[in-house]
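Just so it is clear, the structure is predicted and the values come from calculations on it, not from any experiment.
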Amino acid sequence: MAGKSVYEMVTDRIIAQLEQGIIPWEKPWTGIRSGAYNRISKKPYSLINQMMLNHNGEYASFKQWQQLGGHVRKGAKSEIVVFWKITPVEEKQDDGTVIKKSIPLLKYYNVFHISQVEGVEPLTDDELKDIEPIEEAENILRDYITRENITLEHAASDRAYYSPNRDMIHLP
């Protein structure tokens, strides 16, 4: 990966999956916890990161595994997860004025799957159930549902859809 931009790394990973017959952007949910997630936050990675990672389950950085009392096996190969970082820049105009802009930059960091780590046990299902929803996001959703008089159903399922017969939105 040395010398490649993060954009090239993402593109190479997607092309490799397509060449293997995998369409990485197909429906990402199964109705149960699946996919890759961060061991510390317990939050699933974004769809782009799900596409980038080779395994389901727990990932963390080298330092995060160390902080948990584990150590990454010698010779283990890291994978990358990407994120956007907004960077302020100043741009000098022809008339000498300076304009401040915010430029999004795609960054990445290296992570290791739990199968590459010794000294740390995988989280149990009970430990994964304590994920707290983001209160502000839940308030926005609740206000929108109330204001628009929407019926929203959450149920274990592998489908998300709108039912015209029931005038209801179903989310897995």
Side-chain angles (χ1 to χ4, degrees), residues 1-91 100-138 140-141 154 156-160 171-172:
M1 282 190 237
K4 286 189 176 184
S5 76
V6 66
Y7 300 97
E8 290 171 309
M9 289 186 271
V10 170
T11 301
D12 289 350
R13 176 72 178 143
I14 291 170
I15 290 171
Q17 288 182 332
L18 290 171
E19 287 173 345
Q20 294 172 12
I22 299 168
I23 301 172
W25 52 81
E26 284 188 322
K27 180 181 65 154
W29 65 85
T30 61
I32 58 171
R33 176 179 286 278
S34 62
Y37 58 93
N38 179 271
R39 166 66 185 242
I40 305 302
S41 70
K42 301 177 188 170
K43 293 180 182 176
Y45 286 112
S46 66
L47 181 56
I48 187 70
N49 285 320
Q50 297 286 343
M51 292 167 36
M52 297 292 296
L53 297 169
N54 290 321
H55 307 284
N56 291 332
E58 302 171 38
Y59 278 88
S61 69
F62 187 88
K63 186 176 180 180
Q64 287 174 324
W65 287 122
Q66 280 185 323
Q67 290 170 343
L68 291 169
H71 67 276
V72 176
R73 289 188 189 98
K74 186 173 180 152
K77 301 283 187 222
S78 66
E79 298 176 59
I80 66 167
V81 290
V82 297
F83 63 97
W84 290 100
K85 181 175 182 173
I86 304 299
T87 304
V89 294
E90 292 184 354
E91 190 176 280
K100 293 183 181 183
K101 291 184 175 183
S102 295
I103 306 293
L105 294 175
L106 188 61
K107 300 278 193 176
Y108 75 96
Y109 59 95
N110 295 307
V111 292
F112 295 88
H113 187 257
I114 190 165
S115 64
Q116 301 170 296
V117 177
E118 295 175 344
V120 177
E121 291 297 315
L123 294 173
T124 65
D125 287 340
D126 286 340
E127 291 172 304
L128 290 170
K129 289 180 183 170
D130 67 354
I131 297 173
E132 296 281 328
I134 301 169
E135 187 176 338
E136 187 175 338
E138 292 296 313
I140 292 169
L141 177 62
H154 282 100
S157 168
D158 68 347
R159 295 175 53 217
L171 297 176

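Interatomic distance, Met9 CE to Ile14 CD1, rounded to the nearest 0.5 Å: 13.0 Å. Of the inter-residue distances, the one linking Ile134 atom CD1 with Leu141 atom CG reads 12.0 Å to the nearest 0.5 angstrom. Between atom NZ of residue Lys63 and atom CD1 of residue Ile40 there is a gap of 11.5 Å, rounded to the nearest 0.5 Å. Rounded to the nearest 0.5 angstrom, Gln20 CD and Leu18 CG are separated by 9.5 Å. If you take CD on Glu138 and CD on Glu135, they are separated by 9.0 Å, rounding to the nearest 0.5 Å. Rounded to the nearest 0.5 angstrom, Arg13 CZ and Asn49 CG are separated by 11.5 Å.
Heavy-atom neighbours of Glu118 CD from other residues, nucleotides or ligands within 6.0 Å: above the threshold of 12.
Closest non-hydrogen pair, Pro104 versus Ser102, comes out as CD-O, 3.8 Å. The minimum heavy-atom distance between Asn56 and Gly35, with the atom names listed, is OD1-CA, 3.2 Å. Nearest heavy-atom pair across Gly69 and Val120 is C-CG2, 4.3 Å. Considering all non-hydrogen atoms of both residues, Ala76 and Phe112 come closest at O-CE2, 3.7 Å.
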**OP:** Check the pair Trp84 / Leu106 against side chain to side chain contact (heavy atoms under 4.5 Å, CB included), numbers first and verdict last.
**Re:** CA-CA 5 Å; Trp84 290 100; Leu106 188 61; 3.8 Å; yes
Original post:
Would Asn110 and Ile80 satisfy side chain to side chain contact (heavy atoms under 4.5 Å, CB included), going step by step from the backbone distance to the final call?
Top reply: CA-CA 5 Å; Asn110 295 307; Ile80 66 167; 3.5 Å; yes
Original post:
Should Met52 and Val10 be marked as a side chain to side chain contact (heavy atoms under 4.5 Å, CB included) after you check the CA-CA gap, both sets of side-chain angles, and the distance that decides it?
Top reply: CA-CA 7 Å; Met52 297 292 296; Val10 170; 3.9 Å; yes
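For the pair Trp65 (side chain) and Val117 (backbone), a donor-acceptor distance under 3.5 Å is absent. Between the side chain of Asn38 and the backbone N or O of Tyr45 there is no donor-acceptor pair closer than 3.5 Å. Formation of a donor-acceptor pair under 3.5 Å by the Gln116 side chain with backbone atoms of Lys77 is found in this model. A donor-acceptor distance shorter than 3.5 angstrom exists from the side chain of Glu58 to the backbone of Leu123, with no hydrogens or angles considered.
Using the six-membered ring where Trp is involved, Tyr109 and Phe83 have ring planes that are tilted, between 30° and 60° apart.
Of the candidates Glu79, His113, Arg39, Tyr59 forms a side-chain hydrogen bond (donor to acceptor under 3.5 Å, both in side chains) with just one, namely Glu79.
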